[in-house]
Each structure stands twice: as C-alpha cells, then as structure tokens.
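Single-structure report; data block below.
Chain letters run A, B, ... following the sequence lines, proteins first and then strands; every chain starts at 1.
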There are 2 protein chains.
Amino acid sequence: MGIHRKTSSLNTLLKEFNNDISAITVVDLVSRLGDKMNKTTIYRILNKLEEDSILHSFFGKNGLKWYAKCDGCCNSKPESILNKFRPHFQCLSCGKIDRLNIEMKLPKVTDQKVSVSQLLIQGRCESCN
Amino acid sequence: MGIHRKTSSLNTLLKEFNNDISAITVVDLVSRLGDKMNKTTIYRILNKLEEDSILHSFFGKNGLKWYAKCDGCCNSKPESILNKFRPHFQCLSCGKIDRLNIEMKLPKVTDQKVSVSQLLIQGRCESCN
DNA sequence: AAATTAATGCAACTCAGTTGCAAAAATAAG
DNA sequence: CTTATTTTTGCAACTGAGTTGCATTAATTT
C-alpha cells in the first residue's frame with residue numbers, strides 16, 4: 001500500500017482528478033498547486049496513488065509524464081492478466097490528452113504476464129483543425 | 001525532408017537498427033556509439049529519421065525515449081488516416097522492449113485526424129519469470 | 001576547384017524528476 | 001489527554017536526458 005495517512009496535500013491533489021476527466025501533466029499540477037505544496041510532495045503523492053492503482057501514468061509527446069484516474073484499466077498485481085484497455089488521444093498541436101470513450105480488448109498473443117497497457121493515439125484534435 | 005546528406009554517422013546509426021528488431025533507447029545508442037560520434041549528432045540524426053518516417057519513437061517506463069524501425073505503422077503526413085498499428089511489449093522488470101508480431105486495427109471512433117498511434121503493453125517477459 | 005549548404009563537435013545550458021535530511025503532521029500507544 | 005512512533009512534508013542540492021548556439025568540418029552543387 002502506498003498511501004498511509006490522510007493529509008490535506010493528498011486531498012488537494014485528489015480533487016484535481018475529480019474536476020478533470022482528461023489526463024494531467026505533472027508539470028501542470030506543479031504549476032497549479034505549487035503554492036499550496038512543494039513539488040517534491042506532488043511527485044511523491046502521485047507515485048503512491050499509482051502504486052495503489054488509483055491513478056495511472058504514461059508518457060506523452062515530449063516525454064512529459066501524464067496521470068489519469070484509473071478505473072479498472074490497470075492492475076497493481078503484476079500476476080493478473082488484463083484484457084481490456086482504454087485509449088487516450090493526444091493532439092500533437094495543442095498537446096492536450098483526453099481519454100476516449102471506448103474499451104478495447106487486448107490481443108491474446110503474449111506468453112508474458114500483462115499488468116498495464118496503454119494505447120496513445122496521436123493526431124490533430126477537432127478544435128485545432 | 002529531414003535527411004539531406006549521406007554521412008558516415010548516418011550509416012553507422014542505421015546499422016544499429018538493422019542489427020536489432022527490437023526498440024532501442026537513445027541512451028543505449030549513445031553508450032554504444034558515443035566514441036564514434038557526438039551525442040548531439042545522435043539526437044539530431046534520430047530526429048531527422050523520424051521526420052522521414054524511417055524510425056518512430058515513443059516513451060517507455062521511465063520516461064526514456066525509444067526508437068524502432070518504422071514499417072507502415074506511422075505516417076509523416078498528419079492529414080492521413082491510419083487504421084493499423086503494432087503493439088510493443090515492455091518488461092517492467094528488465095525494461096526491454098520488443099515489437100509484437102501482430103497488427104491491430106485502430107478503432108474508428110474519433111473525428112480527429114490520426115497520424116501516430118502506439119500501444120505499449122507492459123508486464124513481465126518470459127525470461128524474467 | 002571554388003562556392004554553397006548541411007552536418008558535426010563541443011561546451012554550456014535547461015528542466016523534469018530525484019535524494020537526503022531535518023522539521024512537522026498524523027496516527028498509535030499509554 | 002499526553003507521549004511516543006512513524007509517516008509526510010519542505011527545502012536545497014543534485015541528476016541526467018535532451019537541447020541550443022556557434023564555430024568547424026564535410027558533403028554536395030556550380
């Protein structure tokens with residue numbers, strides 16, 4: 001278990017993910033919450049929330065780390081076999097990432113044990129067209 | 001067009017991708033070729049090769065940039081609609097990334113124009129089990 | 001062979017993410 | 001409620017992948 005104590009920093013951070021359905025950059029979180037808590041704290045809490053499978057993360061276009069709320073799309077136990085995942089879409093022009101409202105099935109092709117899977121689709125979003 | 005001139009640095013770099021079917025980290029390339037050419041050169045050539053759709057890149061587990069040979073899985077023209085992609089598998093234990101030998105179809109769900117798509121499946125590979 | 005343009009090396013830089021340590025806050029024990 | 005224990009936080013310094021500017025060198029054009 002990653003999270004042990006309920007602190008105000010934790011609550012503040014969690015709120016950001018309730019307000020927003022799309023994914024958020026750590027950099028963005030730091031600039032939004034940087035005056036309320038230290039950036040190290042933000043990084044550490046995000047780490048723990050991912051350990052607990054409350055959030056999941058991936059790296060977008062420029063190597064920036066993105067976090068999104070996790071709802072069954074990944075599993076903390078590496079032994080489990082996942083077979084579904086949700087694609088994210090990143091606009092290469094404005095950089096924004098949203099989760100698409102589809103559930104995809106993972107191909108049953110690997111002998112490997114799968115714990116996370118992420119499909120990042122990149123292109124140009126509607127508003128940038 | 002990214003690449004304009006045939007230089008020995010370019011050839012040396014391209015050889016690395018002929019020798020290896022799996023994806024390679026830039027960091028790895030720098031440590032392999034760092035005595036033959038400057039790391040800046042490596043970064044710049046990789047950039048150009050991606051512009052020309054000869055290589056494509058994505059970010060793995062620790063935010064490291066990976067490159068792999070591109071064969072129709074991405075397109076330099078952002079206007080085109082892609083409908084297939086190839087998943088990569090990264091072992092969370094040893095970090096290695098290989099391309100899986102399947103071709104997947106992209107869900108026809110977005111109004112957006114798609115230029116790149118990458119599915120990164122993560123778990124434990126056979127040799128780490 | 002000379003002129004042009006692109007590629008390279010080098011050194012210094014940027015900035016996302018990390019680490020160690022002391023102080024503060026949260027929970028547990030008495 | 002008070003004290004002891006353990007986790008969390010802030011701060012400052014650090015790490016390292018990736019970038020930038022500029023002078024030099026190499027490839028291509030004329």
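With sequence neighbours excluded, no residue forms a side chain to side chain donor-acceptor pair (under 3.5 Å) with Thr25(B). Contacts of Gln118(B) classified as side chain to side chain donor-acceptor pair (under 3.5 Å), with partners at least two apart in sequence or in another chain: none.
The nearest whole Å value for the distance from the CG atom in Asn38(B) to the P atom in dG18(D) is 15 Å. For the pair Leu49(A) CG and dT8(D) P, the computed distance is 11 Å after rounding to whole Å. In this entry the distance linking CD1 of Ile45(B) with P of dA6(C) reads 16 Å, nearest Å. Taking atom CG on Leu10(A) and atom P on dA26(C), their separation rounds to 11 Å, with Å as the unit. When the P atom of dA16(C) is taken as reference, atom NZ of Lys61(A) falls 16 Å away, rounded to whole Å. Between the CD1 atom of Ile3(B) and the C1' atom of dT5(C) there is a distance of 15 Å, rounded to whole Å. Nucleotide dT8(D) holds its P atom 16 Å from the CD1 atom of Ile42(A), rounded to whole Å.
Side-chain nitrogen and oxygen atoms of Thr41(A) include at least one within less than 4.0 Å of the OP1 or OP2 phosphate oxygen of dG10(D).
In the hydrophobic clustering, where aliphatic and aromatic side chains (Ile, Leu, Val, Met, Phe, Trp, Tyr) are joined below 4.5 Å either directly or transitively, Leu120(A) groups with Val27(A), Phe58(A), Leu64(A), Trp66(A), Ile97(A).
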Anything under 3.5 Å between a protein N or O and an N or O of nucleotides 17-20 of chain C, put it in a table, one pair a line.
| residue | atom | partner | partner atom | Å |
| --- | --- | --- | --- | --- |
| dG17(C) | OP1 | Lys65(A) | N | 3.3 |
| dG17(C) | OP2 | Tyr43(A) | OH | 3.0 |
| dG17(C) | N7 | Lys39(A) | NZ | 3.3 |
| dG17(C) | O6 | Lys39(A) | NZ | 3.2 |

Are any protein N/O atoms closer than 3.5 Å to N/O atoms in nucleotides 28-30 of chain D? If there are, list each pair with its distance.
| residue | atom | partner | partner atom | Å |
| --- | --- | --- | --- | --- |
| dT28(D) | OP1 | Lys6(B) | N | 3.3 |

Side-chain polar contacts of residues 39-48 of chain B - donor-acceptor pairs under 3.5 angstrom, sequence neighbours left out - could you list them?
| residue | atom | partner | partner atom | Å |
| --- | --- | --- | --- | --- |
| Thr40(B) | OG1 | Asn38(B) | OD1 | 2.9 |

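Within the nucleic acid shown, Ser8(A) has no heavy atom closer than 4.0 Å to any nucleic acid atom.
Counting heavy atoms from C-beta on, the side chains of Leu119(B) and Met104(A) never come closer than 4.5 Å. Residues His88(B) and Asp98(B) fail the side-chain proximity criterion, which asks for heavy atoms closer than 4.5 Å. Side-chain contact between Cys94(B) and Cys125(B) is present, with at least one heavy-atom pair separated by less than 4.5 Å.
Bending across the helix from dA1(C)-dT30(D) to dG30(C)-dC1(D), expressed as the angle between its end axes from five pairs apiece, amounts to 30° (10° rounding).
Sequence neighbours left out, not one pair with a member in residues 4-13 of chain A passes side-chain hydrogen bond (donor to acceptor under 3.5 Å, both in side chains).
Of all the heavy atoms in Ile3(B) and Met1(B), the pair that sits closest is O-CE, 3.2 Å.
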